[in-house]
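Below you'll find the structure, written out as structure tokens, and then a few comments.
Just follow the structure's listing: the first ligand is 1, and inside any ligand the first atom is 1. Here the structure is a predicted model, which is why all the values come from computation and not from measurement.
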Amino acid sequence: MTKVFLKKKIQQRVLLGHPWIFGNEVGNVDGPVNAGDIVEVFTHQGLFVGRGYINPQSQILVRLLTRDKEEAIDAAFFHRRLQKAWDYRRKLGYVENCRLIFGEADEMPALIIDKFNDYFVLQTLALGMDRWKGAIVDALNSIFSPKGIYERNDVPVRELEGLPQQKGFLGAPFDTNIILRENGLQFNVDIENGQKTGYFLDQQDNRRAIEHIVKGADVLEAFCYTGTFSCHAGYYGAKSVLGLDISEHAVNTARRNAQLNNLEEVCQFQAVNAFDALKQWTREGKQFDVVILDPPAFTKSRENIQKAITGYKEINLRGMKLLKPGGFLVTASCTNLVPPSLFLEIIEMAAKDAKKKLRQVTFQTQSQDHPILWNIENTTYLKFLIVEVS
Ligand code: SAH
């Protein structure tokens with residue numbers, strides 16, 4: 001097996017548990033370098049660090065899978081890891097739906113698996129992980145006997161690894177429009193054409209967090225996707241709910257979700273650009289009791305961070321202006337490039353410009369099936385804030 005030796009300087013980060021090894025952190029390589037192969041990593045002194053997969057085409061040359069010298073990377077390894085991840089989630093109380101594998105946080109770099117009851121959606125985002133797709137599917141079949149497995153590898157990041165974008169069935173075809181249950185409601189999920197894996201499981205606890213503040217309220221939700229927060233608001237007793245999303249497909253699913261939960265009288269949806277609507281309605285002086293904002297990541301790169309800051313500030317400022325005094329702003333950010341402290345700063349800046357006073361109700365993160373490792377910064381990504389605005 002090819003041996004990769006780390007430079008002395010960077011060892012500490014890797015030795016402290018980070019699984020990524022960048023090309024410029026490697027001293028020398030002993031053996032052939034075939035993209036996607038498993039290699040062994042050693043310190044510059046020759047001590048065993050771990051085993052992982054290599055890809056010279058990627059900025060991240062090696063991603064470690066194990067630090068156990070005795071552990072071989074084979075089909076049994078993937079079965080063990082999936083079983084371990086499932087045992088962990090069951091311990092936390094998950095029964096039907098959960099993110100089963102959250103990449104690095106489950107020691108499975110570049111692998112995402114969402115469990116929607118009996119259906120599984122997976123993403124293999126690096127070549128070395130993609131190679132094991134067969135073993136991963138076998139493990140899912142043997143642990144869960146699922147009704148269907150689907151790959152949503154139609155994501156641009158795969159191209160950095162020299163991988164094609166693709167999606168499709170991993171096994172027998174099935175109806176990819178499924179229904180899942182969450183917090184007493186039901187939601188249509190379009191596994192094939194929905195965003196990302198089809199459904200945002202990471203907000204499942206946060207959706208519950210609006211229960212009390214929406215009672216009898218007029219609620220506006222911008223960036224509503226398939227209307228999950230909106231339907232929760234209706235279910236928890238809102239007087240009216242208006243959900244906005246730029247995607248027709250999302251808005252159509254949101255309407256079907258409202259019907260599915262007998263909320264079509266309360267929950268209305270419009271396919272519009274939320275930036276335009278928020279701007280126009282502030283000008284018109286429209287008022288709501290609760291405004292919910294869960295926009296997409298405004299940037300994918302650190303260089304464009306200012307774009308994200310500007311975007312977050314603008315929508316939150318407008319959201320605050322649309323609130324009656326004493327109303328609640330429910331606001332989220334899903335990019336790890338904006339850390340929690342910066343997110344709060346942006347909200348504070350928006351409040352200052354809107355001449356509003358804030359009182360924090362709660363500040364949360366992603367649900368527990370997306371574990372956070374403090375030394376792997378991209379595992380902390382979701383910020384979810386509720387503030388009273390006056
Ligand atoms: N809250 C949702 C997830 C929202 S994802 C949930 O929990 O399921 C962000 C959404 O913002 C996507 O549905 C995307 O279509 C939408 N979006 C992106 N840009 C937009 C814009 N300018 N106006 C309105 N919606 C937009």
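- Taking a 4.0 Å cut-off on heavy atoms, D245 registers as neighbouring ligand 1.
- Among protein heavy atoms, the minimum distance from atom 23 (N) of ligand 1 is reached at A274 N, 2.8 Å.
- Remark: ligand 1 and F275 share no N or O pair separated by less than 3.5 Å (distance only, no angle test).
- Between N257 and Q186, the closest heavy-atom pair is OD1-O, 4.3 Å.
- For the pair K167 and N193, the minimum side-chain heavy-atom distance is below 4.5 Å.
- The residues E71 and R80 are annotated as salt-bridged, a charged nitrogen and a carboxylate oxygen being separated by less than 4.0 angstrom.
- On a distance-only criterion, T226 and ligand 1 share no N/O pair closer than 3.5 Å.
- By the criterion of a heavy-atom distance under 4.0 Å, both the backbone and the side chain of Y225 are placed next to ligand 1.
- In this structure, L185 and F187 have side chains that are in contact, with non-hydrogen atoms separated by less than 4.5 Å.
- Annotation: atom 25 (N) of ligand 1 to nearest protein heavy atom, I246 N, 3.1 Å.
- Taking 4.0 Å as the cut-off, V272 counts as a neighbour of ligand 1 on heavy-atom distance.
- Cation-pi geometry between R89 and Y94 is not met at under 6.0 angstrom from the ring centre and within 45 degrees of the axis.
- Residue contacts with ligand 1 include P296, since one or more of its heavy atoms lies under 4.0 Å from the ligand.
- Residue-to-ligand polar distances keep F229 apart from ligand 1: every N/O pair is separated by 3.5 Å or more.
- Proximity of the aromatic rings of H370 and F102 is defined here by a centroid distance below 6.0 angstrom, and this criterion is met.
- Protein heavy atom in closest approach to atom 12 (C) of ligand 1: Q195 OE1, 3.3 Å.
- Of the protein's non-hydrogen atoms, D294 OD2, 2.6 Å is the one closest to atom 1 (N) of ligand 1.
- T228 is not listed as a side-chain neighbour of F200, based on a closest heavy-atom distance of 4.5 Å or more.
- In terms of protein heavy-atom proximity, atom 7 (O) of ligand 1 is closest to R207 NH2, 2.8 Å.
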Determine whether E96 and R181 satisfy the following criterion, salt bridge (Lys or Arg N to Asp or Glu O under 4.0 Å), listing intermediate values before the conclusion. CA-CA 8 Å; E96 291 185 0; R181 294 185 291 183; 2.2 Å; yes

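- Between D130 and R158, at least one side-chain N (NZ, or NE/NH1/NH2) sits under 4.0 Å from a carboxylate O, which counts as a salt bridge.
- The protein non-hydrogen atom at the shortest distance from atom 6 (C) of ligand 1 is T228 OG1, 3.3 Å.
- Closest protein heavy atom to atom 22 (N) of ligand 1: N273 OD1, 3.0 Å.
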